[in-house]
J.: 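Dumping the structure here so I can ask a few things about it.
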Amino acid sequence: MSWGTELWDQFDNLDKHTQWGIDFLEKYAKFVKERIEIEQNYAKQLRNLVKKYCPKRSSKDEEPRFTSCIAFFNILNELNDYAGQREVVAEEMGHRVYGELMRYSHDLKTERKMHLQEGRKAQQYLDMCWKQMDNSKKKFERECREAEKAQQSYERLDNDTNATKADVEKAKQQLNLRTHMADENKNEYAAQLQNFNGEQHKHYYIVIPQIYKQLQEMDERRTIKLSECYRGFADSERKVIPIISKCLEGMILAAKSVDEHRDSQIVIDCFKSGFEPPGDFPFEDYSQNIYRTISDGTISTPKQEGMRIDSKTTVGKAKGKLWLFGKKPKGPALEDFSHLPPEQRRKKLQQRIDELNRELQKETDQKDALIKMKDVYEKNPQMGDPSSLQPKLAETMSNMDRLRMEIHKNEAWLSEVEGKVAARSDRRHSSDINHLVTQGRESPEGSYTDDANQEVRGPPQQHAHPNEFDDEFEDDDPLPAIGHCKAIYPFDGHNEGTLAMKEGEILYIIEEDKGDGWTRARRQNGEEGYVPTSYIDVTLEKNSKGS
């Protein structure tokens, strides 16, 4: 099965077929190019999608902690890798398929042009041989007719009795001349015919079959190349299927890593304040005066006034405690995190200590590396100057000292907050016991009170001046001062229930820190509120008089 023998007379059709083959090759190359663009755009859109939903980690506080968030970010990372594999597919198709097709198409066009030119040249040469043969044939035919005419003229003159001998001789010579020329043209025609037949046989049995065979081989190579490109088109994607499968498996593992119980615990660890729920309010018995008799030896009016003062004092304290646990005041962000609740402050300090320890370990490793390098330089001076490492070593030592100081300072704050958290529950427990013990104790005025601290903190009325007592009564019975304090740091007091203060300002203490980091204080103008205990220097005084 050969084009040279089967299609010996189909040169024009073979010309069209080979051109169609090249056009089809370029058409498939165009298809591959558009597929590459689709893969590239798909990968780009996937990367933009991942970038859009990836967290902006500007600070460590914004790092994901919940397992559901971590799983989602892992899925985004896997999707980003998946997008990278789509880019690999596009790149592989570009180099292995599209680029190869374009190079082969160029070579194919050159080869086809050469074979067709050879075929046209062979056809032109055969046409030239045929023209020469045809010319010699026509010339021979013409000379034969001229010879026949000369013979007829000679015979007519020879039979004509009136013709002269000279005319007959002249006609005979003309006949001989035409006969001789006819013989020569006959020989030339025979030679040209023999040459044309040889060239024609060579053309159709040797030259054309060889050219058509080359065209056939070229077309078959084109078909094979298309087959290879079809396979490469599929292999480009099949190669990345294992990696894509790993990406999908990573997404499944990320989904399985979601732990709802762990997320719930993280919520607890994140928002736990460290405070205990508020205790029960003590019962305030206002019916004591109903059963009080005249024989108690006290005047009823002062007793009622004293009772009213005690009740107001107790209610004021109760309101203060309710506000403290119901709405915790927030101070400004400080280096020691004293503006945070105890539990959160402890966690922040512990995180900072861990970070500082990691930085210190890095500096220590760097110092050891510099010392080793210095020893190597001292033993082998040609490798470097040991003195050149001294500035870097000094800087590293300085950083280590600074980090140690920071760690020591934060550990001191951590010890302080851990001590307060531990002592707070003990104080609260002892306060509840004292409350139960002293709930039925009688006050010096003969009335009962339900707050044991009220007896201790209440000012002795026998030492109070009458005018001062009237002033306190008219000012809605403010709590008595149990000491004073000096502000070490300024405090803005923006939150409700807090008291702003300036550095060095002197305030009265009207309620101690209950373990929550806040102390209730009052200015000389009567303004009250809570201030951070760590911001003040407290001095408690027994039997101090309220302002």
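All residue numbers refer to positions in the sequence shown, counting from 1.
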J.: Could you give the distance from CG (Asp259) to NZ (Lys256), rounded to the nearest 0.5 Å?
T.: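 Reported value, rounded in 0.5 Å steps: 14.5 Å.
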J.: Does the salt bridge (charged side-chain N to carboxylate O under 4.0 Å, His left out) test come out yes or no for Arg402 and Glu406, once each step is laid out?
T.: CA-CA 6 Å; Arg402 176 182 58 80; Glu406 289 289 333; 5.8 Å; no
J.: For Ser136 and Glu188, which I'm curious about, is there any donor-acceptor pair between the side chains at under 3.5 Å?
T.: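 No, no side-chain donor-acceptor pair sits under 3.5 Å.
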J.: Can you sort out the partners of Ser387 under side chain to side chain donor-acceptor pair (under 3.5 Å), two or more places apart, ordered by chain and number?
T.: Asp385
J.: So, does Tyr189 use its side chain to make a donor-acceptor pair with the main chain of Glu184 at under 3.5 Å?
T.: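 No.
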J.: Decide yes or no on side chain to side chain contact (heavy atoms under 4.5 Å, CB included) for Asp219 and Gln216, but give the supporting numbers first.
T.: CA-CA 5 Å; Asp219 193 71; Gln216 182 180 358; 5.8 Å; no
J.: If only side-chain N and O atoms count, and only distance matters, is there a donor-acceptor pair under 3.5 Å linking Thr67 with Arg262?
T.: no
J.: If we count only N and O atoms by modelled type, under 3.5 Å, do the side chains of His17 and Gln10 hold a donor and an acceptor together?
T.: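 The answer is no; no qualifying pair exists.
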J.: Could you walk me through whether Glu87 and Arg47 pass the salt bridge (charged side-chain N to carboxylate O under 4.0 Å, His left out) check?
T.: CA-CA 11 Å; Glu87 292 176 345; Arg47 289 195 182 277; 3.0 Å; yes
J.: Salt bridge check: are Glu237 and Arg35 linked by an N-O gap of less than 4.0 Å?
T.: yes
J.: Consider only side-chain N and O atoms of Gln45 and Asn41, and report whether a donor and an acceptor are under 3.5 Å apart.
T.: no
J.: For residues Ser68 and Val258, report the shortest heavy-atom separation together with the two atoms involved.
T.: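 That would be CA-CG2, 4.1 Å.
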J.: Taking the side chain as every heavy atom from C-beta outward, state whether Gln366 and Lys362 have any pair of such atoms under 4.5 Å apart.
T.: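 Contact flag for Gln366/Lys362 side chains = no.
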J.: So, the side chain of Asn380 versus the backbone of Gln382: is there a donor-acceptor pair under 3.5 Å, distance only?
T.: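 Answer holds: no.
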J.: Please indicate whether Glu217 has more than 12 foreign heavy atoms, meaning atoms of other residues, nucleotides or ligands, lying under 6.0 Å from its CD.
T.: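 Check passes, neighbour count above 12.
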J.: Any non-hydrogen side-chain atom of Leu226 less than 4.5 Å from a side-chain atom of Phe24?
T.: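 They are in contact (side-chain heavy atoms under 4.5 Å apart), so the answer is yes.
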J.: Please test Arg221 against Glu111 for salt bridge (charged side-chain N to carboxylate O under 4.0 Å, His left out), starting from the C-alpha separation and ending with a verdict.
T.: CA-CA 12 Å; Arg221 288 198 308 272; Glu111 183 180 358; 2.4 Å; yes
J.: Strictly below 4.0 Å, N to O, side chains only: are Arg96 and Asp235 in salt-bridge contact?
T.: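 The answer is yes: the pair qualifies as a salt bridge.
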J.: Between Thr164 and Asp167, does any side-chain donor sit less than 3.5 Å from a side-chain acceptor?
T.: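 The criterion, which ignores hydrogens and geometry beyond distance, is satisfied for Asp167 and Thr164.
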J.: Salt-bridge test for Asp107 and Lys225: reply yes if a basic N is under 4.0 Å from a carboxylate O, no otherwise.
T.: no
J.: Can you tell me how far apart CG (Leu46) and CG (Leu76) are? Round to the nearest 0.5 Å.
T.: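 Leu46 CG to Leu76 CG: 11.0 Å, rounded to 0.5 Å.
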J.: Inspect the contact between Arg352 and Glu355 and indicate whether a charged nitrogen and a carboxylate oxygen are less than 4.0 angstrom apart.
T.: no
J.: Is it true that Glu26 and Lys30 make a salt bridge, defined as a side-chain N closer than 4.0 Å to a carboxylate O?
T.: no
J.: Just by distance, with hydrogens left out, do Asp365 and Gln361 show a side-chain donor and acceptor under 3.5 Å apart?
T.: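 On atom types as modelled, these side chains qualify, holding a pair under 3.5 Å.
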J.: Among side-chain atoms of Gln19 and Arg112, is any donor-acceptor pair under 3.5 angstrom?
T.: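 The answer is yes; a qualifying pair exists.
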J.: When rounded to the nearest 0.5 angstrom, what distance separates CG in Leu79 from SG in Cys247?
T.: 8.5 Å
J.: Is any side-chain heavy atom of Glu416 closer than 4.5 Å to one of Trp413?
T.: yes
J.: So, are Asp134 and Lys138 salt-bridged, with charged N and O less than 4.0 Å apart?
T.: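 Yes.
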J.: How long is the straight-line distance from NZ of Lys109 back to CD1 of Ile22, given to the nearest 0.5 Å?
T.: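 Between atom CD1 of Ile22 and atom NZ of Lys109 there are 7.0 Å.
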J.: Applying ring-ring contact (aromatic ring centres under 6.0 Å, His included) as the test, list every pair that has at least one member in residues 214-236; sequence neighbours left out.
T.: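 For residues 214-236, and leaving out neighbouring residues, the ring-ring contact (aromatic ring centres under 6.0 Å, His included) pairs sorted by first residue read Tyr28-Tyr230, Phe31-Phe233.
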